[in-house]
Amino acid sequence: MSKLKVNKKMREALTGYALVLPWVIGFILFMAYPIYYSVFLSFHKVTISAEGIVTEYTKGDNYKYAFLSDPEFVEKLLLFIKSAVGMIPIIIVFSMLVALLINQPIKMKGLFRAIFFLPVVITSGEVVNELFSQGATAIPLVEKYGIIEIIKDNLSPAWSTPIIDLIQQLILILWFSGVQILIFLAGLQKVNKQVYEAASIDGASPWVSFWKVTLPAIKPFIAVNMIYTTVDLFTNSFSDVIELIKANMFNLTTGFGYATALAWIYFGVIFVFLLFILLLFRNNDEVTVRRKRRSA
């Protein structure tokens, strides 16, 4: 019996390794060296000449310059972080509400899903820039009632600027909620309908059922959507930080090495965001398990 268990575990382990092996080979062949070379360039001053790429080791001067001597990078990075902190909850809540509505027993569900997902397909970088230039992403009521002026008069520039950017990009933010809506729909369809029936028999209202049944069931999908939204926002074409990195790539003063250092700093910020999301949901799960153990 023990031999059978060992053989079964070995087969499962070998199957897992076989499935992961193509990705590992692809990473080693196509990604490992570019990542190493990118880190290497971030510690060098890079000059592109007729003879090729010339590098000069500068220790950590590129990173020091980014934080101590380049106020434009720090300012844009902080503004974008503040905007992302406001954007992520809006996208998650909006996509969850839309998914809850579409998940109801209504006709033409597929059409509504296609309508909400269509902007994700057609809004490329150039399309988004053109919409921005024509003011298609603005909300007329905001300008009509002077909401932006009210925010400027009552808040400091450090907070008014990201809030105003968030309001001006609200339509665009909602356009990029298509993937999150589909993920939430997949999670909602996994919830057992018998649980809702049991809750209804016990006298639970729809509002109570949402908090006690729906929300705990789709919590893993909330985490997935937060991770996806974070990566999507930070790597999107309307990021001022990415535009700044591109501008420094062929700048004669800073150059490609400095731009690479900015990219790695930006990656570090994204990594911290993702790590915070993972720790947040992990801690919530641990608290839930402890409560269940105490109640038992």
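Contacts classified as side chain to side chain donor-acceptor pair (under 3.5 Å) and involving residues 259-271 (residues at least two apart or in different chains) are given here: Ser38-Trp264, Ser239-Tyr266.
For the pair Phe221/Leu188, no side-chain contact is recorded, criterion being any heavy-atom separation below 4.5 Å from C-beta on. In this structure the side chain of Ile222 reaches within 4.5 angstrom of the side chain of Phe184, judged on heavy atoms. Counting heavy atoms from C-beta on, the side chains of Leu275 and Val272 never come closer than 4.5 Å. Side-chain contact between Lys59 and Phe43: absent, with no pair of heavy atoms (C-beta onward) separated by less than 4.5 Å. Looking at heavy atoms from C-beta onward, Ile53 lies out of side-chain contact with Phe256 at the 4.5 angstrom threshold.
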Problem set entry | Stepwise side-chain contact (heavy atoms from CB on, under 4.5 Å) check, Val231 with Leu274 | CA-CA 8 Å; Val231 176; Leu274 298 178; 4.1 Å; yes
For this session: Check step by step if side-chain contact (heavy atoms from CB on, under 4.5 Å) holds for Thr214 and Val191.
Result: CA-CA 7 Å; Thr214 306; Val191 182; 5.5 Å; no
Problem set entry | Ile227 vs Phe273, side-chain contact (heavy atoms from CB on, under 4.5 Å): CA-CA, chis, key distance, verdict | CA-CA 8 Å; Ile227 293 172; Phe273 262 75; over 6 Å; no
For this session: I would like to know whether Leu262 and Leu77 meet side-chain contact (heavy atoms from CB on, under 4.5 Å); could you show each step before the answer?
Result: CA-CA 10 Å; Leu262 295 184; Leu77 180 62; over 6 Å; no
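Considering NZ of Lys212 and CG of Asp202, their distance stands at 13.0 Å, rounded to 0.5 Å. Here OG1 of Thr15 is found 11.0 Å from CE of Met10. Values are rounded to the nearest 0.5 Å. Between Ile270 atom CD1 and Ile265 atom CD1 the span is 12.5 Å, to the nearest 0.5 Å. Between Thr254 atom OG1 and Lys45 atom NZ the span is 10.0 Å, to the nearest 0.5 Å. To the nearest 0.5 Å, atom CD1 of residue Ile88 and atom CG of residue Asn225 are 11.5 Å apart. Residue Ile90 holds its CD1 atom at 8.5 Å from CE of Met87, rounded to the nearest 0.5 Å.
Between His44 and Phe40, the ring planes are tilted. Angles from 30° to 60° get that label.
By the criterion of side-chain heavy atoms lying less than 4.5 angstrom apart, applied directly or through intervening Ile, Leu, Val, Met, Phe, Trp or Tyr residues, Tyr258 is grouped together with Tyr57 in one hydrophobic cluster. Cluster annotation: Tyr228 is connected to Met226 through the hydrophobic network of ILVMFWY side chains, with a link wherever side-chain heavy atoms come within less than 4.5 Å. Hydrophobic clustering, with ILVMFWY side chains joined whenever heavy atoms are under 4.5 angstrom apart, groups Ile28 together with Ile35. Val224 and Leu278 fall within a single hydrophobic cluster, where Ile, Leu, Val, Met, Phe, Trp and Tyr side chains are chained together by heavy-atom contacts under 4.5 Å. Cluster annotation: Leu101 and Val179 are assigned to distinct hydrophobic clusters (Ile/Leu/Val/Met/Phe/Trp/Tyr, side-chain heavy-atom contacts under 4.5 Å, transitive).
Using a distance-only test at 3.5 Å, with no hydrogens or angles considered, a donor-acceptor pair links the side chain of Asn192 to the main chain of Gln194. Side chain of Asn62 to main chain of Ser42: a donor-acceptor pair is present (N/O by atom type, distance under 3.5 Å, no hydrogens or angles). Checked by atom type and distance alone, the side chain of Ser200 never pairs as donor or acceptor with a backbone atom of Tyr196 at under 3.5 Å. Under the 3.5 Å distance criterion, the side-chain polar atoms of Asp70 are left unmatched by any main-chain donor or acceptor of Tyr65.
Residues Pro89 and Ala84 share a closest heavy-atom pair of CD-O, 4.4 Å. Across every non-hydrogen atom of Ser95 and Ser177, the tightest pair is CB-O, 4.1 Å. Of all non-hydrogen atoms in Phe210 and Met96, the two that sit nearest each other are CZ-SD, 3.9 Å. Across Ile181 and Ile102, no two heavy atoms sit closer than the pair CG2-CD1, 4.3 Å.
By the 4.0 Å N-to-carboxylate-O rule, Lys76 lies close enough to Glu72 to be salt-bridged with it.
Aromatic ring centres of Phe234 and Phe267: separated by at least 6.0 Å.
Remark: Phe276 CZ is loosely packed, at most 12 non-hydrogen atoms of other residues, nucleotides or ligands lying under 6.0 Å away.
For the 3.5 Å distance criterion, the side chains of Gln180 and Thr229 qualify, holding a donor opposite an acceptor.
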